[in-house]
Amino acid sequence: MRLVDSKKLFELQNKPSNIRNICIVAHVDHGKTTLADSLISSNGIISQRMSGKLRYMDSRPDEQERGITMKSSSIALYHALDSNEYLVNLIDSPGHIDFSSEVSTAVRLCDGAIVVVDVVEGVCPQTKLVLKQAYSENIKPVLVLNKIDRLIVEMRMTALDAYVHITQVLEQVNAVTGELFASEVLENEENTIDKQQVNLPSKEDQNLYDWTSALEDADDSNLYFSPDQGNVVFASAIDGWGFTTHTFAKLFSDKLGVKEELLKKVLWGDFYLNSKTKRFMKGAQEKAKKPLFVQVVFDNLWNIYETIILRNDKQKVPGICEKLGIKLTTRDLRHTDARVQLQSLMMQWLPLSQTVLNMVCSKLPSPKEILPEKVEKLMCSRIRDFDSYLDETKILKDDFLACDSSNNRPLIIFVSKMFSVERSSLPENKPKALTAEEMALRREKARQMREELKNSVNTDAISMSKETDSPEEKCTEDEKGKEEKEEQSETTFIAFARIFSGKVRKGDKVYVLGPKHDPSKILSTADFKVDFSKKLKDLQSDEHITCAEIKSLYILMGRELEEIDEAVSGNIIGIGGLEDHILKTAILSSSLACPAFSEIQYAAVPILRVAIEPTCPSQLPQLVKGLRLLNQSDSCVQVLLQETGEHVLVTAGEVHLQRCLEDLKIYAKIPLTVSEPIVPFKETIVDPPKMDMANEEIDSQNIDKGNDTEQDPVVTIYTNNKQSRIKIRARPLPNEITELLDRSSDLLKAISQHIKYLQGISNENIETKFTDLQINGKSNLSDRMLKLIEAFITELENICTKLGPEWQDIVKQIWSVGPRNCRPNLLLNQTEDYSTKYLHHEKILKEDSRFEYEGSFVNGFQLATLAGPLCEEPMMGVAFCVEEWTLDKSENDETHSFGLSGQIMSAVKEGCRRAFQLQPQRLMAAMYSCDIVVDQKVLAQLE
């Protein structure tokens, strides 16, 4: 039975300082969901005995079958600490690498994180990954060292050996955290030095160098996990117990006759208790003494486990309970399973839920304590400065920090993902409990009907009339029933969101800002208006704003939803009625000045693909609908439609693929035919081989045979109307340049978007176009982006210098990168009479009639690199050199110039594909790398 109703939770929502938004993150099978069950049991939602068995947050059938979490889900919990009441919004996230995107969406909404580590397995790959995700989002973590019971029962360690082992695990976690901290400090120091280089030193100080590092001055006092700070819990989630050093300091301060504050400081570390002087001394390791933590904590814990579990001595259980001040029921004392007895005892002595929630409420920040650095990271991408925004946007930073819900504050809500629920499971569609008045009214109606039947004389006539009227009535009732069932079985979407500022009510109309929304462009446009009738499917490629009405608001309660009328800043909520306006993520705001949040960084990239088709071809529309719903509900999946009409599903791994196929069957409601999964290839070219299979030189063979006919690698292609001629040659890119382009994908994408923005004006007179587009003169890029471009140019020039003279001028020749404006293929401009400015934004361009069709030329290159000629897979490591581009556009002949843009695009695409085929071609397969970490004892068996 729930201890707190929804009204109490709604009251706590109005106190942002008493709200804690946290998520549980860990490696797979380290005990996240079991810990979540224990915390949920503290509110009476489930029984304490069912913790770890019920897996309450895993609501999907496949999650229960596999025993792993696949979807992050949230629940609101009540907790009281020191006469203060808190609302804890707890998000349980997956640990499997295939579902790391769910962790990213959860971390974005939180202010704190509970990092769970299995003390037997230690720091695993996903542990490092979730620590990195938490650190990159500027959220504060606390640590739970779980499964300590395994050290006793499975590993059979002594208390002292277990203490040493746990100390090593703690050092491993802190080493990962310290590495993340050091890299960030050094990066900030480099940026600071770059800014200070503007103020050049005097000639006297030029010979001096400051060798001090920013790491020496950086404050890391609250960075690391340390039991004496109270941010580490020692636990066994399956047995339901957990404690901090502060817990035992409170229990044993009176018995040892010392102050609680002193015991908190010495209970963890290299301290021991001198039995003669009854004082705490330092140097336990040096003097071969048993540490105080082992004496006070682990020895008692080991004695309980050895008595109940290992020796199964039931006679001593009542004595242990009496010493600990615990009362077990007669049923527990007579229970034949020793583990059940142990769990009942430990849950009363050291309740895990109380310990963890106390730590969460005391150590983790509230929404009002959000850091300015986190706000700037949310509002800016990695390649944009906060100072580059307009003043209307900069002011919003104060609204983020205030976390205020007053009416004069703008509404800012971030939607991290959309999740699907059946319409019948919504609170408004569930049958509601009848009130006393309604029940009395129904009883009265039933009594009247019985009286009418008794008083009726001609019962046969009545029955006959009913029979004659029944067929039509039955038909209408059946039709209504079918319609109701179809409506109830339909899938609807709820937005998983957090309010950062303002207050939202049911019926409010808000702007829905897409991920590519840029307030600077909107605010600089005179008389900009939003079309309120448009939905997401109606938007053009350069439109990213719609207007939506908030139809419903929910408190997220795990498997259930609680409907509310309004919500204030600082809360994690569900929002209904936005499926026509949001695909995956978006911003809801009352101000157009609010920027789109920085892109969520996903650890796993979709790489496993299958082709899908309906078993019955006539059911193709249902498949398309199902794929659309799947694409909306999963933040990591990709749905592609090939030129051949084939529907392709791309997922992060095998487990993710199986989950997506199960969801697709539910959404489409048709039988599916699925191909064997494959990993995408990349198409590339290489230098012509110099040796054949027999290890003989190919050039000498050609001379002996007198074969002088070599195919010209340059392709000449014309448009259909013969107005434009293009010469293209394909060359393999060196690995060094390919790797640099791959690393710099974010920067290259931002440059391409900026160039598209400059070119995004409708066709006008060529004389005024250069002025309108600001093509010449100083660009409006941010200082940070210009600095990143300079660093990229410098690194590329250094690489080209080492490669030789043939790559010397590549920096000046870069025209575009592709596919998708960010992948490792280059379009090089080697023409003599046409200039481009991809990296050199200060370059002065001459007016040219070909500039009008430059976008079509680049798009042709993008299409060619997106699907190569070998097997329609993306290209990688290819440079297309444009050696000539002529355009003979007759002013009088308008019929031939009609559609010239499309002809140029098609010609460039075909020319690139032909040039690619003239070179030695290769297919590149993805390589799977796996790190296997085992204990030294089983290393020989692994080999």
Got a sec: does the [atom1] of [X] have more than 12 other heavy atoms crowding it under 6.0 Å?
X      : atom1 : value
Lys128 : NZ    : no
Tyr602 : OH    : yes
Glu599 : CD    : no
Glu179 : CD    : no

Problem - Residue of the set Val908, Ile728, Asn829, Ile904 for which side-chain contact (heavy atoms from CB on, under 4.5 Å) holds with Trp885 - result: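 It is Ile904, the one option of Val908, Ile728, Asn829, Ile904 that forms the side-chain contact (heavy atoms from CB on, under 4.5 Å) with Trp885.
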
Handout entry: Residues His517, Ile587; criterion side chain to side chain contact (heavy atoms under 4.5 Å, CB included); working and verdict
Key = CA-CA 9 Å; His517 168 67; Ile587 298 290; over 6 Å; no

If every non-hydrogen atom of [X] is compared with every non-hydrogen atom of [Y], which pair is closest and at what distance?
X      : Y      : answer
Ala730 : Val878 : CB-CG1, 4.5 Å
Leu649 : Leu657 : CD2-CD1, 4.4 Å
Ala879 : Leu828 : CB-CD1, 4.1 Å
Pro519 : Leu592 : CB-O, 3.6 Å
Val650 : Ile607 : CG1-N, 3.9 Å
Leu827 : Phe861 : N-CZ, 3.7 Å

Exercise for the section: With side-chain hydrogen bond (donor to acceptor under 3.5 Å, both in side chains) as the test, would you mind laying out the steps for Ser816 and Gln862 before giving the verdict? Expected result: CA-CA 9 Å; Ser816 181; Gln862 298 290 341; 3.1 Å; yes

Could you tell me whether the side chain of [Y] reaches within less than 4.5 Å of the side chain of [X], counting heavy atoms only?
X      : Y      : result
Leu620 : His647 : yes
Val817 : Asn825 : no
Leu641 : Leu627 : no
Met875 : Phe916 : yes
Pro869 : Glu683 : yes
Ser598 : Cys380 : no
Val648 : Val610 : no
Leu740 : Glu795 : yes

Side chain of [X], backbone of [Y]: donor and acceptor closer than 3.5 Å?
X      : Y      : value
Asp809 : Lys812 : no
Gln632 : Ile582 : yes
Asn859 : Gly855 : yes
Tyr389 : Met379 : yes
Glu873 : Pro680 : no
His544 : Ala596 : no
Thr651 : Leu608 : yes
Gln921 : Gln917 : yes
Ser744 : Leu747 : no

Exercise for the section: Dump the intermediate steps for salt bridge (charged side-chain N to carboxylate O under 4.0 Å, His left out) on Glu137 and Lys377, then the final yes or no. Expected result: CA-CA 8 Å; Glu137 292 288 345; Lys377 276 189 176 182; over 6 Å; no

Practice task
Nearest 0.5 Å please: distance from the SG atom of Cys822 over to the CD1 atom of Ile751.
Solution key: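 That separation rounds to 11.5 Å.
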
Pair [X]-[Y], side-chain donor/acceptor within less than 3.5 Å:
X      : Y      : result
Lys584 : Asn631 : yes
Tyr135 : Glu184 : yes
Ser104 : Gln133 : yes
Gln903 : Ser724 : no

Problem - Worked check of side chain to side chain contact (heavy atoms under 4.5 Å, CB included) between Thr831 and Glu883 - result: CA-CA 5 Å; Thr831 60; Glu883 299 186 353; 6.0 Å; no

So does [X] pair up with [Y], basic N to acidic O under 4.0 Å?
X      : Y      : answer
Lys534 : Glu543 : yes
Glu854 : Arg850 : no
Glu884 : Lys727 : yes

Exercise for the section: Decide side chain to side chain contact (heavy atoms under 4.5 Å, CB included) for Arg823 and Met876; before the verdict, give the C-alpha distance in whole Å, the side-chain angles of both, and the deciding distance to 0.1 Å. Expected result: CA-CA 8 Å; Arg823 299 304 180 193; Met876 181 176 182; over 6 Å; no

Exercise for the section: Determine, step by step, whether Trp807 and Ile799 satisfy the side chain to side chain contact (heavy atoms under 4.5 Å, CB included) criterion, reporting the C-alpha distance in whole Å, the side-chain angles of both residues, the deciding distance to 0.1 Å, and the verdict. Expected result: CA-CA 9 Å; Trp807 296 98; Ile799 292 174; over 6 Å; no

Exercise for the section: May I ask you to decide if the ring planes of Trp815 and Phe857 are parallel, tilted or perpendicular, using 30° and 60° as cut-offs? Expected result: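 The arrangement is parallel - the two ring planes meet at less than 30°.
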
Practice task
Give the intermediate values and the outcome of salt bridge (charged side-chain N to carboxylate O under 4.0 Å, His left out) for residues Lys521 and Asp542.
Solution key: CA-CA 11 Å; Lys521 299 175 184 177; Asp542 57 342; over 6 Å; no

